[in-house]
Structures are given as C-alpha cells and as structure tokens.
2 protein chains.
Amino acid sequence: MSAKDGNTLDRILDTAESLMQTRGYNAFSFRDLAKIIEIKPASVHYYFQNKGDLGKALVMRYSKRFETARDCLDRLNVTSAEKLDRYVDLLSDGFQLKGRMCLCGVLAAEASTLPSDVVEEVRTFFVANETWLATLLESGRQSGDLRFEGAAIEAAQSLFAALEGALMSAWTFSSNARLNAAGKWLVASLKT
Amino acid sequence: MSAKDGNTLDRILDTAESLMQTRGYNAFSFRDLAKIIEIKPASVHYYFQNKGDLGKALVMRYSKRFETARDCLDRLNVTSAEKLDRYVDLLSDGFQLKGRMCLCGVLAAEASTLPSDVVEEVRTFFVANETWLATLLESGRQSGDLRFEGAAIEAAQSLFAALEGALMSAWTFSSNARLNAAGKWLVASLKT
DNA sequence: GTCTATAAGATGATAGAC
DNA sequence: GTCTATCATCTTATAGAC
C-alpha cells in the first residue's frame, strides 16, 4: 500500500464500483479511477490486466454481497410478505443511501457493448435473484400471504425486472419518492 | 444527398437511432455512424454541431413517434384493457421486431453522463408516457375493466418503469420470451 | 453539402526502471 | 507494487478547400 489507508486492491474495487454504478461501464476509465485513489493508471493494470477483468471482478463481488444479504433474509423469522418488503429495501438501499444505480442494472443496459464474460456475470446476478424470489413467492403463495397467477419463476423474473426498472426510473429523475412508490405498488399487488 | 438513396439527414437520424438503441450514448461515435452511411465524420457535424445535439434530436423524434402511436391507440374503439395490451405491444415492438432496446431506456441508465438537455428530453418521454397511461388506467378503473389501488399517476409511473425494466431484462438475455412473459404478467395484475 | 486536414485530449494498454 | 514513458487508436470536434 502506498496512498491513503487500507490496501490498494480494496480501494480500487470500492472506487471502481462507485464509478461503474454512477457512470456505467463505457463512461468510466482507468484514468478516472486512478486519479481518485491517487495512483497511476498503470498501477491499476497490475491488479487487473484489462478493463473487462475489473468489470467481471466487480460484478462477482457485488453478486456475492447480495447472496449474503439474501441468506440473511432467509434466516429471518417473518412472513414471506415481510421478507419481500425487506428484499425491496435491499435492492433500493444503494440508491436511497448512496445515490447509486444497481451495478447490474446499469450494465444490463450496456449489455451489447460489454466483454462477454462481464455480461455473463450480469446474467448470473439476474438469475440468482430471480431464483431466490421464485422460491420466496411460491412459499408465500403456499402459506397464503402472497398471491399471484402462474409459474413462480415467471412472476419472479417479471418482478425483478420491474424492480430494476423502478430503480432506473428513480435514477433518471433522481427521485427517492419514485422508487418508494414503485416498490410499494409492485409488492402491493402480490399481497393478499 | 451523395451516397445511397434518400436524404442524408434522414439516413443520419435512422442510423444514429439504431446505434444509440443498441449501444447507448457513450459507446457510439460520429465515426461509427459516418462509416455505416459512407460519409465522413465531418459531414455529420454539418447537420449536428455536436453529439449532444444529435442525441437530443433523436430523442425528440422518438418521442414524437410514440406520441403519434398513442394518439392512434386513443382513437381505437376498444376497452381500456385492450388498449393497455396494445400499448405494451407498442413498447415491445422495437425489441421484438428489430432487436433494439427502447432508446429512452438505454439513455435512462446513462443519465448521469448525458448532456443535460438530452436527459431532459428523456424525462419528457417518461412523463408523456406516464401521463397517457395514468389517463388510460383511470378510465379503465371507471369503466370497470381495470383494477388497481391508489392514485392513477403512481400506478402509471410504476407500470411504465416496470415495462422499461422488462425491456432491459429481455435485452440482457436477448429473449423475446422474457419480454412477453413480463408484459403479460404486469398487465394481468391490472385486469379485473 | 461534403470533403481533407488537423488538433487536443482521452483511452486501453505495455515495457521496463525503481 | 508502483512508477515513468510510451503506444496506437479513438474521440469530439474545427477550419477551410472544393
């Protein structure tokens, strides 16, 4: 480590994550990143040979954090409807607390311009969330505190996409109110 | 006009629209555009002084087309529920028929990196669609063929964001099936 | 209207010194 | 590990000839 505190790798990851969440993949550069953490662009290449490697690492780390958070929700002793509310909060937190888009939401929009292994990780993030939501929804339907028609996986895919859309709309208008309203509206239609 | 048929301005607009819908704002350049229509980048600057001007013109043209299409829907002699189905088709068409994202959906994700007048036009597109949807939803609620809780404008904002999210998810997975399923699922919860 | 020429700066990377 | 130096290439323009 040379500048500031902490190790360089973590500082690269944290700063790059913030940049990608706010600017997307194509509008951020190693230079921007290096400038902020006060190292040289070449030093970033020591940790990540190229931009795609960094992107992939960021999405994987982001995905793992969400997996951990979903695991925490699983251990809560509350109704499915309550878990769903908390899950919406989880997805919303990055925007509400830090003014950032969902990392995988921004990257999804840029999908066709990303290195293929980065898109693959983004898809993995989507699928992991959809799968978890499908289980939650089905479980809520069984216990009677959630209601929806058709296959749980289709409901889950639709709901997750809708939540990402709500984030994108809130992002475009810089509006917490929009995100809150949309989140509540989407969940309300699932409650019995 | 010099190359191919038609006038250069229209060819610039059509090609740039396609590029922006598939790559977004930051991953397309005047060079890419000029190469496709076989003119020089400098010639593009004759029509649009800078990239932001082109972006703004594209969003305005896109918005107008949607306005016209919504007007057509308004003149149909069908139920609100049926109009809603057709509106979902309208939003889906660009993806289903041409494999493109919604122009304003991609740009929304890049909002923080766009020239301010481009973001403004994107917001205008959102608001126009939300406003139209709010009227449709309220009208459907009155006539009894649509059902939802709360203010129509909030439902409309949530629904529009959800549809844009469905497009983004379909875009990420290159999947018509995802878009169809999500569209139907969202609308189904509104039908009585 | 379209071109050539050109500019200043950004970008993604690499080689090799320290 | 971090740096300097350097790279080829791209990007967003502008000036001015044709």
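Naming: A, B, ... by sequence-line order, numbering from 1 per chain. The analysis underlying the following values was restricted to heavy atoms, covering all of them including side chains, and did not include hydrogens, waters or symmetry mates. Because the structure is predicted, anything quoted here is derived from the model rather than measured.
Phosphate proximity of D/dT12 to B/Lys51: present, with a side-chain N or O under 4.0 Å from OP1 or OP2. Residue A/Ser43 places none of its side-chain N or O atoms closer than 4.0 Å to OP1 or OP2 of D/dG1. Distances shorter than 4.0 Å separate none of the side-chain N or O atoms of A/Thr8 from OP1 or OP2 on D/dG1.
Rounded to a whole Å, the NE2 atom of A/His45 is 19 Å from the P atom of C/dA17. For A/Phe28 and C/dT11, the CZ to P distance is 10 Å, given to the nearest whole Å. In this structure, the CG atom of B/Leu54 is 11 Å from the P atom of D/dT12, given to the nearest Å. Atom OH in A/Tyr47 sits about 6 Å away from atom P in D/dG1, given to the nearest Å. The distance between atom CD of B/Gln49 and atom C1' of D/dT14, rounded to the nearest whole Å, is 10 Å. Counting to the nearest Å, the P atom of D/dT2 and the NZ atom of A/Lys40 are 13 Å from each other. The distance from atom CG of A/Asn7 to atom P of D/dT2 is 9 Å, rounded to the nearest whole Å. Note: CZ (A/Arg31) to P (D/dT9) measures 19 Å, nearest angstrom.
Under the 4.5 Å side-chain contact rule for hydrophobic residues, B/Met60 and B/Leu114 do not share a cluster.
Residue-to-nucleotide proximity on DNA chain C shows that, of B/Tyr46 and A/Pro41, the 5′-proximal contact is made by B/Tyr46.
Note: A/Tyr25 and A/Phe28 have perpendicular aromatic rings, judged against thresholds of 30 and 60 degrees for the angle between ring planes.
By the 4.0 Å N-to-carboxylate-O rule, A/Arg65 lies close enough to A/Glu17 to be salt-bridged with it. Looking at A/Lys98 and A/Asp93, no side-chain N of the basic residue comes within less than 4.0 Å of a carboxylate O on the acidic one, giving no salt bridge.
Across C/dG12, C/dA5, D/dT11, the shortest atom-to-atom separation from the side chain of A/Ser29 is found for C/dG12.
The heavy-atom pair separating B/Lys40 from B/Ala34 by the smallest distance is C-CB, 3.7 Å.
Residue A/Phe30 is classed as a sugar-phosphate contact, given heavy-atom separations below 4.0 Å to backbone atoms only.
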